[in-house]
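In what follows, chains are A, B, ... by sequence order, proteins preceding strands, each numbered from 1.
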Protein chains: 8
Amino acid sequence: DYAKVDTDRQHRTGYPEVIYGEGKTPDQIIGIIQTMVSAEMNVLVTRVSPEKAAAVMAVFPLMVYHKNAQILTWQSVNVTRLTNTIAIVTAGTSDLRVAEEAALTAEAFGNSVSRVYDVGVAGIHRLFARLDVIRQAQVVIVIAGMEGALASVIGGLVDKPVIAVPTSVGYGANFGGLSALLTMLNSCASGITVVNIDNGFGAGYSASQINHLTENTK
Amino acid sequence: DYAKVDTDRQHRTGYPEVIYGEGKTPDQIIGIIQTMVSAEMNVLVTRVSPEKAAAVMAVFPLMVYHKNAQILTWQSVNVTRLTNTIAIVTAGTSDLRVAEEAALTAEAFGNSVSRVYDVGVAGIHRLFARLDVIRQAQVVIVIAGMEGALASVIGGLVDKPVIAVPTSVGYGANFGGLSALLTMLNSCASGITVVNIDNGFGAGYSASQINHLTENTK
Amino acid sequence: DYAKVDTDRQHRTGYPEVIYGEGKTPDQIIGIIQTMVSAEMNVLVTRVSPEKAAAVMAVFPLMVYHKNAQILTWQSVNVTRLTNTIAIVTAGTSDLRVAEEAALTAEAFGNSVSRVYDVGVAGIHRLFARLDVIRQAQVVIVIAGMEGALASVIGGLVDKPVIAVPTSVGYGANFGGLSALLTMLNSCASGITVVNIDNGFGAGYSASQINHLTENTK
Amino acid sequence: DYAKVDTDRQHRTGYPEVIYGEGKTPDQIIGIIQTMVSAEMNVLVTRVSPEKAAAVMAVFPLMVYHKNAQILTWQSVNVTRLTNTIAIVTAGTSDLRVAEEAALTAEAFGNSVSRVYDVGVAGIHRLFARLDVIRQAQVVIVIAGMEGALASVIGGLVDKPVIAVPTSVGYGANFGGLSALLTMLNSCASGITVVNIDNGFGAGYSASQINHLTENTK
Amino acid sequence: DYAKVDTDRQHRTGYPEVIYGEGKTPDQIIGIIQTMVSAEMNVLVTRVSPEKAAAVMAVFPLMVYHKNAQILTWQSVNVTRLTNTIAIVTAGTSDLRVAEEAALTAEAFGNSVSRVYDVGVAGIHRLFARLDVIRQAQVVIVIAGMEGALASVIGGLVDKPVIAVPTSVGYGANFGGLSALLTMLNSCASGITVVNIDNGFGAGYSASQINHLTENTK
Amino acid sequence: DYAKVDTDRQHRTGYPEVIYGEGKTPDQIIGIIQTMVSAEMNVLVTRVSPEKAAAVMAVFPLMVYHKNAQILTWQSVNVTRLTNTIAIVTAGTSDLRVAEEAALTAEAFGNSVSRVYDVGVAGIHRLFARLDVIRQAQVVIVIAGMEGALASVIGGLVDKPVIAVPTSVGYGANFGGLSALLTMLNSCASGITVVNIDNGFGAGYSASQINHLTENTK
Amino acid sequence: DYAKVDTDRQHRTGYPEVIYGEGKTPDQIIGIIQTMVSAEMNVLVTRVSPEKAAAVMAVFPLMVYHKNAQILTWQSVNVTRLTNTIAIVTAGTSDLRVAEEAALTAEAFGNSVSRVYDVGVAGIHRLFARLDVIRQAQVVIVIAGMEGALASVIGGLVDKPVIAVPTSVGYGANFGGLSALLTMLNSCASGITVVNIDNGFGAGYSASQINHLTENTK
Amino acid sequence: DYAKVDTDRQHRTGYPEVIYGEGKTPDQIIGIIQTMVSAEMNVLVTRVSPEKAAAVMAVFPLMVYHKNAQILTWQSVNVTRLTNTIAIVTAGTSDLRVAEEAALTAEAFGNSVSRVYDVGVAGIHRLFARLDVIRQAQVVIVIAGMEGALASVIGGLVDKPVIAVPTSVGYGANFGGLSALLTMLNSCASGITVVNIDNGFGAGYSASQINHLTENTK
Ligand SMILES: Nc1ncnc2c1ncn2[C@@H]1O[C@H](COP(=O)(O)O)[C@@H](O)[C@H]1O
Ligand SMILES: Nc1ncnc2c1ncn2[C@@H]1O[C@H](COP(=O)(O)O)[C@@H](O)[C@H]1O
Ligand SMILES: Nc1ncnc2c1ncn2[C@@H]1O[C@H](COP(=O)(O)O)[C@@H](O)[C@H]1O
Ligand SMILES: Nc1ncnc2c1ncn2[C@@H]1O[C@H](COP(=O)(O)O)[C@@H](O)[C@H]1O
Ligand SMILES: [Mg+2]
Ligand SMILES: [Mg+2]
Ligand SMILES: [Mg+2]
Ligand SMILES: [Mg+2]
Ligand SMILES: [Mg+2]
Ligand SMILES: [Mg+2]
Ligand SMILES: [Mg+2]
Ligand SMILES: [Mg+2]
C-alpha cells in the first residue's frame with residue numbers, strides 16, 4: 001500500500017503511468033511492475049541505475065535495460081508507429097543520457113526520432129550541416145548544458161514547436177543546471193517551452209503528445 | 001540603426017516578428033512599426049503601458065490598444081482562422097493581464113481561444129465544472145501565480161499538451177514568481193512544458209504553433 | 001557535558017525532549033538516552049541510520065528500530081491514547097520515510113493515525129477515493145516532494161488544519177526541496193501551515209498538539 | 001467572468017472565501033463583494049490600500065476599513081463567539097500591520113484575541129512579563145521580522161501549537177523576509193509551523209481552525 | 001574630504017580615474033571634477049541622469065552630456081587615436097544605453113569603434129550579414145540581455161578576444177540580468193571573458209587596454 | 001501599547017535602547033521618545049528620512065538631525081569621553097551615509113572617531129598614506145560596497161579587531177550588497193567580523209563596546 | 001614555491017600565520033610547518049582530518065592532534081596567559097567541532113576559555129542557569145546551527161561584545177548554514193558581529209584580539 | 001556519432017578544439033583524440049582524473065599527464081613560441097590546480113608564463129615583492145578563492161588587462177565559489193574581466209589570444 005498505480009491514466013491522459021525509478025527500492029519497483037503487467041500495460045521505468053536494473057531483471061528477465069538512457073522497458077502491447085518525426089538535438093557529447101531518455105520515451109509511445117548530437121554553438125557550422133534533418137521534424141527537442149544557447153539559435157531557425165531541456169552538464173556558475181535553465185526560459189526566440197533540468201522523459205512525453213496531434217492517431 | 005527588423009522571420013519561422021514594447025521608447029516602437037508596415041506585415045506590440053500606447057497611436061491612429069493585455073495590434077493582412085481551439089485557464093482574477101496577452105497573441109495568429117478564468121485549486125469544483133470546455137481544446141495554457149498548483153492538476157486530467165505560465169502574482173516567498181515557476185518545472189504530472197514568468201506571449205505563440213500542426217494550415 | 005538534557009521539558013511544554021540523531025555519535029546518543037531513562041522518560045530518536053541504530057541497540061537491546069522511519073523508540077511509560085485521529089497523506093511512494101517519521105512521532109504521543117499514501121495530483125481520482133478517511137481526521141498532514149501541489153488541493157477540500165511537509169524528492173529545479181517548500185508557503189488555499197523540508201517529526205509533533213486540544217487530554 | 005466566487009467554500013471548509021485585495025481593481029473587488037452579499041456571506045477583504053478602500057466604500061458605505069490592518073470588513077451574519085483565546089505576539093512595533101491582519105481575521109471568525117506586542121528577544125524580560133497571558137491561549141501566533149528569533153523562544157516556553165509569521169521588516173541581508181522565514185522553518189523548538197512572509201491572514205485563519213476544534217463549535 | 005581623487009592613477013595604470021556618478025550628489029561630482037581639472041586630466045563621468053547632468057553642466061558648461069549613454073565628458077587633453085578597432089555588438093535595441101557607455105568609454109581612450117546593433121540570435125542571418133565588420137576588429141564586445149546567447153555564437157565565430165556584457169533587459173526569470181550573466185560565464189565557446197551586469201564602462205575600458213597592446217601606443 | 005520601551009536595557013547591557021526609525025510613523029517615534037525622555041535617557045534614532053525628522057522635531061525642537069547619517073539625537077545626560085579611538089575607513093564616497101551612522105553612534109556612546117574616507121583598493125596608495133592613523137585606533141570599522149576588498153587588505157595590515165560593514169553601493173551582480181557581504185564573511189585575513197549590509201549602527205555599537213573594554217570605563 | 005609563509009605576520013598583526021588544512025596535501029602542510037619551525041613560530045593547523053593528521057605526525061611526532069576540534073598544534077614558544085576570559089556558548093551538542101576549534105584557537109593565543117555547551121533556546125532555563133559564567137567573560141562567542149536564535153537572546157542579556165558563529169548543523173531549509181547566518185546578521189539585539197559559517201577559528205581569533213585589548217598585554 | 005569534432009575550429013578561431021574531459025567516458029575521449037590525431041591537430045584534454053588519464057594513455061602512450069593541472073597533452077605539431085609573457089598570480093596554495101590548468105593551456109598555445117603563487121592580500125607585502133615580475137607581463141591572470149580580493153588589488157596596480165578566475169576554495173558562505181565570483185565581477189578596479197569559477201582553461205585561452213595580439217604572430 002505504499003503505491004497506488006494509476007491504471008486509469010491511459011484512459012484519462014492517453015498514456016500509461018511511467019515509473020520514476022529514483023528513490024524507489026528494487027522491491028517497490030518490482031511491485032509496481034507486477035500491478036501494471038496484470039493490467040496489461042507496457043512498462044517504462046526511468047532513472048534506473050545498472051545495479052537496480054539488475055535486481056529488477058532478476059525477476060522480469062524479459063525487460064530490456066538501456067544503459068545510455070538508464071531506462072528499463074517492457075513492451076508487451078503493440079504501439080502504433082507514427083510517420084511524422086521528432087528531432088532530438090544536443091549541444092555536447094555529455095548530454096547523451098538525457099537525450100537518450102527523451103528518445104526512448106518518445107519511441108515507446110510510437111514516435112520516430114531523428115538524433116542530431118554534439119552540434120553546440122561553439123561550432124555552429126555543425127548545426128547548419130544538419131538543419132535539413134531538424135526542419136523535417138514536427139517537433140524539436142533541444143538539449144544543452146553549460147549556457148544552453150543552442151535552444152535560442154534553433155528557435156530562431158525552425159517554424160515548429162521547440163521543447164528545451166537544460167542539463168546539469170558544466171561546473172562552477174552553472175549551479176547544477178540553473179544556468180541553462182534560465183537561458184532557455186529567457187530565450188529571445190519565440191516558440192520555445194522548457195522542462196526541468198535533465199528531464200529527458202518530460203520532453204519526450206510532451207513531444208510525443210504534440211506529434212500525435214499532427215496525425216490524429218493517438 | 002538601433003533596430004534591424006527581422007522581416008524575413010515570417011518566411012523562416014512561419015510568423016512575423018513581434019515587438020517587445022518594454023524598455024523601448026515610443027519613438028523606437030514607431031520606427032519599427034513603420035518598417036513592418038512598409039513590408040506589409042501585421043503588427044503586434046506587447047507590454048505597452050497606456051501612456052506609451054497613446055504616443056504610438058498618435059502616429060498610427062488605426063492601431064487598437066487592448067488595455068487588459070497591454071497589447072497594441074494592427075491587422076492589415078488577413079489571417080486564416082483555425083477550427084481547433086486553444087483553452088486558456090487561470091487560477092485567479094489577478095492573472096488576467098497575462099492571460100489576455102496569451103489570448104490576443106493566439107488570436108492574432110488565427111487561433112480560436114476558450115477562456116476559463118478563476119478556477120484555482122482552492123475551490124477545485126470550479127475547475128471540474130469547466131473540464132469539458134478544457135478537454136475540447138487541442139492545447140491548454142494554464143496560468144497561475146502564488147503556488148501554481150493548477151498546472152499539475154490539469155496536467156493529470158487532460159491528454160493534450162499543457163503549456164504552463166507562472167505569474168508574479170503573490171507576495172513574500174513567491175519571490176516575484178519563482179514559486180510558481182519551480183512548481184511548474186517540477187510537476188509530477190507529465191506533458192507540461194513551461195515558459196518564463198508572466199510570459200503570456202510566449203505561451204500563446206507556442207500554443208499557436210502546436211494548434212496549426214493539428215490542421216496543417218500554417 | 002556536551003549535552004544538557006532538558007528533563008524539565010515535559011513539564012514546560014507537555015512533551016519530553018526528542019533526540020535529533022543526525023550529527024551525533026552513537027556514544028553521545030547513548031549518553032543522552034541514559035539520562036532520560038534515569039528520569040523515567042520515554043525515548044524517541046529521529047534520523048538514525050541502521051548502523052547507528054545497531055550501535056545504540058547493542059547497549060539498549062529493548063529499543064525498537066523502525067527502519068522505514070529511521071527512528072529508534074523505547075516506551076517505558078504508558079501514554080494515554082486519543083480517539084480522534086490524524087490523517088497522513090503522501091503524494092508519492094518516495095515520500096515514505098518522512099511520512100513514517102511523522103506517523104511514529106504522532107503515535108508515540110498517543111495519537112491514532114490514518115495513512116493515505118501515494119495519492120498525488122497526477123492521478124487526482126486516487127485522492128477523491130480516500131477523501132472520506134481524510135475528512136474524518138481532526139488534523140491532516142500532507143507530505144509531497146517535486147512541486148508539492150497536493151497540499152493546496154487538500155487545503156481546498158477539508159475544513160480542518162492542514163500541516164504541509166515539503167520533501168526533497170525530485171531533481172534539477174526542485175533544489176533539494178525548495179520547490180515544494182515555496183509551493184506550500186504560497187498556497188492559494190487557506191488553513192495550511194508549513195514545516196521544514198523533510199521534517200516529518202515536526203509535523204507529527206504539531207499535529208499531536210492540535211489533536212490533544214480536541215480532547216483536552218494532554 | 002474574471003472571477004468565480006467560491007460560494008460553496010463555507011460548506012466545504014467551514015469558512016466563506018476571503019478576498020485577496022492586492023492586484024485587484026476596485027471594480028473587481030466591488031463585483032466580488034456584490035456576489036457574496038447576494039449569497040448572504042460575511043465579507044473580509046485583505047491587503048486593501050486606503051485609496052482602494054475609499055473607492056469600495058463609496059459603493060458599500062456600511063463596510064468598515066481597519067487602517068492598521070489594511071482590511072475591509074462587512075459583517076451581516078452573526079458569528080458565534082468562542083471562549084478560548086488566541087494569543088498574538090509580535091517582536092517589534094513595525095510588525096503591527098501583519099499582527100492586526102491576523103487579529104482581525106481571527107476575530108471575524110469568532111475568536112477572542114490577546115494582543116502582546118513589541119516583546120522581541122532583544123529585551124527578553126518584556127516577554128517573561130507577559131508569559132501568563134500567552135500561556136492562557138489555546139494557540140499562539142508569533143510575528144517577527146529581522147531574525148525572527150522570538151518564535152523559537154516562545155516555542156520552548158508554551159505547550160500549545162505555535163504559528164509563526166515571518167515579516168519583511170528589516171533591511172540588507174533580511175532579503176525581504178527570507179531571514180525570518182528560514183529562522184522559523186529551522187526552529188530548534190518543536191511545535192512551530194510557519195506561514196508565508198507577512199501572511200497575517202493565513203496565520204489568523206489557521207489559528208481559528210485550531211481554536212474551533214477546542215470547543216467543537218465550528 | 002569625502003573623496004580622495006586618485007590623480008596618480010594615470011601614471012600607475014595608464015588611464016585617469018573615471019567618476020562613477022551613481023550614488024553621488026551633483027556637489028560631490030562637481031568637487032571631484034574640479035580636482036581633476038586642476039590636475040589637467042580628461043574627465044569622464046558614467047551613470048549620470050539628465051537631471052544630475054544639468055546640475056553639473058551649470059558649473060562646467062563646456063562638458064558634453066551623451067544622453068543615450070548617460071555619460072558626461074570633458075576632453076581638455078588630446079588623446080592619440082589608434083588605427084585598430086573595437087567592435088561593439090548588441091543583441092537588441094534595449095541594450096543601447098550599455099552599448100553606448102562602452103563605446104564612449106573606448107573612444108575617450110583613443111579607440112575607434114564599429115557599432116553592430118540589434119543582431120540577436122532570434123534572427124541569426126542579421127549577425128552573419130555583419131560578420132566581416134566584426135572580424136576586422138581586434139577585440140569584440142558583445143552586449144545582450146534576456147538569455148545572452150549571442151556571446152557564445154560570436155565566440156565560436158571569431159579568433160579575437162570577446163568581452164561579454166550581460167544586461168538587465170528582460171523580466172521574470174532573468175532576475176535582473178542574472179540569466180545573461182550565467183550564460184556568458186558558462187559559455188561553451190572559448191575566449192570569452194565577462195564583466196558585471198550592465199557594465200558597459202568596464203567592457204570599454206578592458207577592450208581599450210587590449211587594443212592598445214596591439215599597437216604598443218598606450 | 002504598540003511599543004514597550006526597554007528602559008532597563010542600559011542597566012542590562014550598558015547602553016540605552018536605540019530607536020530604529022524605518023517602518024515607524026512619526027507618531028510612533030514621538031511616543032517612544034517621550035517615554036525615554038521621562039526616563040532620563042539619551043535618545044538616538046537611526047534611519048530617519050528628512051521628512052520624518054521634521055515631523056519629530058516639530059514636537060522636540062531641541063533634537064539635532066544629522067543629514068548625512070540620517071540620524072536624530074538628543075543628548076540630555078552627559079556621557080564620559082574615552083581617550084582611545086575608533087577608526088572608520090571607507091572605500092568610496094558613496095559609503096558616506098553608512099559611515100556617518102557608525103561614527104555618530106560611536107560618538108554618542110563616548111568614543112572618539114578618526115574618519116579615513118575614500119581609500120578603496122583601486123588606488124591602494126591612498127590607504128597606505130593613512131595607515132598610521134588607522135593603526136593608532138583600538139578598533140577599526142571598514143565600510144565598503146561593490147566587492148568590499150578593502151576589509152581584507154586592512155585585516156592583513158593591522159593587529160586590532162576589524163568590524164566590516166558591507167554596503168549596498170554598486171549595481172548588477174552586487175545584488176543589493178550580497179557581493180560585499182560574502183567577501184567580508186570569506187575574508188582570507190584573520191580578525192574580521194561582519195555586520196549586516198548598510199548596518200553602520202551595529203558596527204558603531206560593537207566597536208564602542210570593544211573600545212570601552214580597553215579603558216574599563218563603561 | 002607553492003607557498004610563501006607569512007613569517008612577518010606576527011610582527012605585523014601580533015599573531016603568527018595559522019595554516020588552513022583543508023584542500024592542502026599532507027606534503028604541503030609539512031613543508032609549511034618546516035618553514036615555521038625554522039622561524040621559531042608556534043604552529044596551529046585547522047580543519048585537519050584524522051588521516052591527514054596521522055601523515056603529518058609521522059614527520060612531526062611532537063605535534064598534538066585534537067580530534068574534537070580537528071586541529072593540530074605545536075607550541076614550542078611560551079605564550080603569556082591572560083586573566084580575563086572568553087565564554088564559548090553553543091546551542092546544541094552537534095556544534096561541538098566548531099566550538100572546540102574556537103576554544104583551542106583562543107587558548108593557543110593565551111586566553112582562558114569558559115565552555116557553556118548545549119544551552120539552546122528550546123530550553124532557555126539551561127541558559128539562565130549559566131548566565132553568571134557567561135557574564136564574567138570579556139567577550140562571548142555564541143555558536144549555533146539550525147535557526148541560530150541563541151545569539152540574539154544572549155546579545156540582549158550581556159553588555160560585552162558577542163561574536164556569533166553560524167553552523168551548518170540542520171537540514172532542508174537551513175541551506176548549509178545560510179539560515180543561522182542570516183539570523184545572526186539580522187539580529188535585533190545590538191552588539192553582535194558575525195563570522196563565516198562553521199568558522200570557529202575566526203571567532204576564536206577575533207575574541208582573542210579583543211580580550212588582549214582588555215589587558216594591554218599583547 | 002556522439003561527437004562531432006570541430007576540426008575546422010583552428011581555421012575559424014585560430015586554435016584547435018580543446019576536449020572537456022569531465023562527464024566523458026575514457027572511450028569517448030579516446031574516440032575524439034583519434035579524430036584529432038588523424039587531422040594532425042595537437043591534443044589538449046582538461047579535467048581528467050588520474051584514473052581516466054591512465055585509461056586513455058593505455059591507448060596513446062605518448063600522451064603526457066600533468067597531475068597538478070589534471071590535463072592530458074599531446075603535442076605533435078610545433079607551436080611558435082612568443083616572447084611576451086603572461087603572469088599567473090594566485091592568492092593561496094589551494095588554487096594550484098586551477099593555476100596550472102591556466103598555465104598549461106597558455107603554454108600549449110605558445111605563450112611564456114610567469115608563475116607568482118600564494119601572494120594573497122592577507123600578507124600583501126608578498127605581492128609587492130613580486131610586483132615587478134607581474135608588471136613585465138602583457139596580460140595578468142589572477143586566481144583566488146575565498147573572498148577573491150587579490151584581483152581588485154592587482155587591478156589597481158597594473159596597466160595591463162587582468163583576467164580574474166574565482167575558485168571554489170573555501171567553505172560556508174563561499175557557496176562553491178560564488179563569493180569570489182561576485183567579488184571579481186563587482187571589482188572597483190577597472191580593467192578586470194572574469195571567467196567561470198575554477199575555469200583556468202578559459203583564462204589561459206583568453207590570455208593567449210590577447211598575448212598573440214601583442215606580437216601579431218598567431
Ligand atoms: N524521469 C522522470 N522525470 C520526471 N517525472 C517522471 C520521470 N519518470 C516518471 N515520471 C512521472 O513520475 C510520476 C510517478 O511518480 P511516483 O508515483 O513517485 O512513481 C508519474 O506521473 C510519471 O509520469
Ligand atoms: N492576505 C492574504 N494572503 C494570502 N491569501 C489570501 C489573503 N487574503 C485572501 N487570501 C486567499 O486568496 C484566495 C483568493 O484569491 P483570488 O481568487 O485571487 O481572490 C482565497 O483562497 C483566500 O482565502
Ligand atoms: N539602524 C539600525 N540597524 C539595526 N538595528 C537597529 C538600528 N537602529 C536601532 N536598532 C536596534 O533595533 C532595535 C529596536 O527595534 P524596534 O523595537 O523595532 O524599535 C533596538 O534593539 C536597536 O538596538
Ligand atoms: N576546462 C574547461 N572548462 C570550460 N570549457 C572547456 C574546458 N575544456 C574544454 N572546454 C571547451 O568545451 C568545449 C568542448 O565541449 P564538448 O563538446 O563537450 O567536448 C570546447 O569548446 C572547449 O573549448
Ligand atoms: Mg563537442
Ligand atoms: Mg478567485
Ligand atoms: Mg506513484
Ligand atoms: Mg521595540
Ligand atoms: Mg530587435
Ligand atoms: Mg573614490
Ligand atoms: Mg541538546
Ligand atoms: Mg598561503
Check against side-chain contact (heavy atoms from CB on, under 4.5 Å), B:Val121 and C:Val121
CA-CA 11 Å; B:Val121 299; C:Val121 299; over 6 Å; no

Run through C:Thr183, C:Leu178, C:Asn174 and flag the one making a side chain to side chain contact (heavy atoms under 4.5 Å, CB included) with B:Leu182.
C:Leu178

Please examine the side chains of C:Phe175 and B:Asn186, heavy atoms only from C-beta on, and report whether any two atoms are closer than 4.5 Å.
no

For B:Ser152 versus C:Ala149, what's the shortest heavy-atom pair and its separation?
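Shortest heavy-atom separation between B:Ser152 and C:Ala149 comes out as CB-CB, 4.2 Å.
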
Could you walk me through whether B:Cys188 and C:Glu147 pass the side-chain contact (heavy atoms from CB on, under 4.5 Å) test, one step at a time?
CA-CA 7 Å; B:Cys188 61; C:Glu147 97 286 42; 3.4 Å; yes

Check the pair C:Ser179 / B:Leu185 against side-chain contact (heavy atoms from CB on, under 4.5 Å), numbers first and verdict last.
CA-CA 9 Å; C:Ser179 164; B:Leu185 286 168; over 6 Å; no

